[in-house]
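Remarks on the structure that follows.
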Amino acid sequence: MTPTLRTERLLLEPYIPEDEEGFVALFQDTRVSQWMGDGPASEAADRALFGRIFTKVYAQGLFDVWAVRRNGLLVGHAEIKPTDVVGGHEIIYALAPTAWGSGLGTELARAIVTYGFDTLGLTEVYATVAAANEASLTLLGRIGFEHVRDITEDDGSTTRVLARRLAANDSWL
């Protein structure tokens, strides 16, 4: 079962069915979805994805997925899951544009990385980021992620694979 996590300003907790509209709104915002998975999807596809969080991910205990809240409002989405693309656990996070620019992304990414190291016992975590997503690349670099390799996608775009290794001097964990 996905546990509840707290940071200074955020609450990460399992989704509840009442979060569907907020989830769909987040994923339908092209400023967010352009950087998620294969990019923007239909509303029906996003609703189906939300349903699979309950019927597959939570029901089978596949990996951890969180609704990200600030002051009681759904402001984002987060995951940590094993993926073949990186050969390890990947963090995934998204925040609504209203939450951008205030350090919440850094706070969120740190929380997921810390969970991976402290709770899951990982020694490294990965992130895959579109090369054009400079904001996420900068954020991840600030918290110790390093470039590992590039993947050329079918459409010719580049995805950067980044890794964050557990270090003995990790003071923010």
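All values reported here derive from a predicted model rather than from experimental measurement.
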Practice item. Kindly work out whether a path of hydrophobic side-chain contacts (I/L/V/M/F/W/Y, heavy atoms less than 4.5 Å apart) joins Val161 to Leu122. Key: no
Exercise for review: Taking all non-hydrogen atoms of both residues into account, name the closest pair between Ala94 and Leu108 and its distance.
Suggested key: O-CD2, 4.4 Å
Exercise for review: May I ask you to test the Pro3-Thr119 pair for a side-chain heavy-atom distance under 4.5 Å?
Suggested key: no
Exercise for review: Please round to the nearest 0.5 Å and tell me the distance separating atom CD1 of Ile112 and atom CH2 of Trp66.
Suggested key: 6.0 Å
Review point. Should Phe27 and Trp100 be regarded as members of a common hydrophobic cluster, given that ILVMFWY residues are connected when their side-chain heavy atoms come within less than 4.5 Å of each other, either directly or indirectly?
Key: yes
Exercise for review: Please state whether the rings of Phe50 and Phe54 are parallel, tilted or perpendicular, taking 30° and 60° as the class boundaries.
Suggested key: perpendicular
Review point. Should Phe145 and Val113 be marked as a side chain to side chain contact (heavy atoms under 4.5 Å, CB included) after you check the CA-CA gap, both sets of side-chain angles, and the distance that decides it?
Key: CA-CA 10 Å; Phe145 277 79; Val113 169; 3.7 Å; yes
Exercise for review: Side-chain contact test, heavy atoms from C-beta onward, threshold under 4.5 Å: evaluate it for Glu90 versus Val85 and give yes or no.
Suggested key: no
Residues 131-140, side-chain donor-acceptor partners within the protein, below 3.5 Å, at least two apart:
from	atom 1	to	atom 2	distance (Å)
Asn133	OD1	Ser136	N	3.2
Ser136	OG	Tyr93	OH	3.3
Thr138	OG1	Glu134	O	2.9

Practice item. Kindly work out whether a path of hydrophobic side-chain contacts (I/L/V/M/F/W/Y, heavy atoms less than 4.5 Å apart) joins Val148 to Phe117. Key: no
Review point. Mind checking whether Tyr58 and Ile53 have side chains closer than 4.5 Å, heavy atoms only?
Key: yes
Side chains of residues 9-16: which donor-acceptor pairs under 3.5 Å do they make with residues two or more places apart or in other chains?
from	atom 1	to	atom 2	distance (Å)
Arg9	NE	Glu107	OE1	2.8
Arg9	NH1	Ser102	O	3.0
Arg9	NH2	Ser102	O	3.1
Arg9	NH2	Glu107	OE1	3.0
Glu13	OE2	Arg69	NE	2.4
Tyr15	OH	His77	ND1	2.6

Revision key, fill the gap. Taken to the nearest 0.5 Å, the spacing of Leu26 CG from Leu95 CG works out to 8.0 Å
Point to revise | Inter-residue atom distance Leu162.CG - Glu124.CD, 0.5 Å rounding | key: 12.5 Å
**Study point:** Within 6.0 Å of CD in Glu146, more than 12 heavy atoms from elsewhere
**Key:** no
Exercise for review: List the atom of Ala59, the atom of Thr55, and the distance in Å for their closest heavy-atom pair.
Suggested key: CB-O, 3.3 Å
Point to revise | Closest non-hydrogen atom pair, Gln28 against Ala41 | key: NE2-O, 2.9 Å
Point to revise | Arg160/Thr158 under side chain to side chain contact (heavy atoms under 4.5 Å, CB included): CA gap, chis, key distance, verdict | key: CA-CA 6 Å; Arg160 301 233 187 273; Thr158 300; 3.9 Å; yes
Review point. Does the pair Phe63 and Leu120 meet the rule for a side chain to side chain contact (heavy atoms under 4.5 Å, CB included), with working shown?
Key: CA-CA 11 Å; Phe63 52 88; Leu120 299 180; over 6 Å; no
Check your understanding: For the atom pair CD1 (Ile143) and CZ (Arg164), what is the distance rounded to the nearest 0.5 Å?
Key -> 7.0 Å
Check your understanding: Any side-chain heavy-atom pair from Met36 and Ile92 closer than 4.5 angstrom?
Key -> yes
Point to revise | Non-hydrogen side-chain atoms of Ile80 and Val125 separated by less than 4.5 Å | key: yes
Check your understanding: For the hydrophobic clusters of this structure (ILVMFWY residues joined by side-chain heavy atoms under 4.5 Å, transitively), does one cluster hold both Leu104 and Phe23?
Key -> yes
Review point. Out of curiosity, Arg110 CZ to Glu8 CD, how far, rounded to the nearest 0.5 Å?
Key: 11.0 Å
Check your understanding: About how many Å separate CG of Asp118 and CG of Leu5, when rounded to the nearest 0.5 Å?
Key -> 10.5 Å
Revision key, fill the gap. Residues pairing under salt bridge (Lys or Arg N to Asp or Glu O under 4.0 Å) where one sits in residues 39-68, two or more places apart or in two chains, turn out to be Glu20-Arg47, Glu21-Arg47, Glu43-Arg47
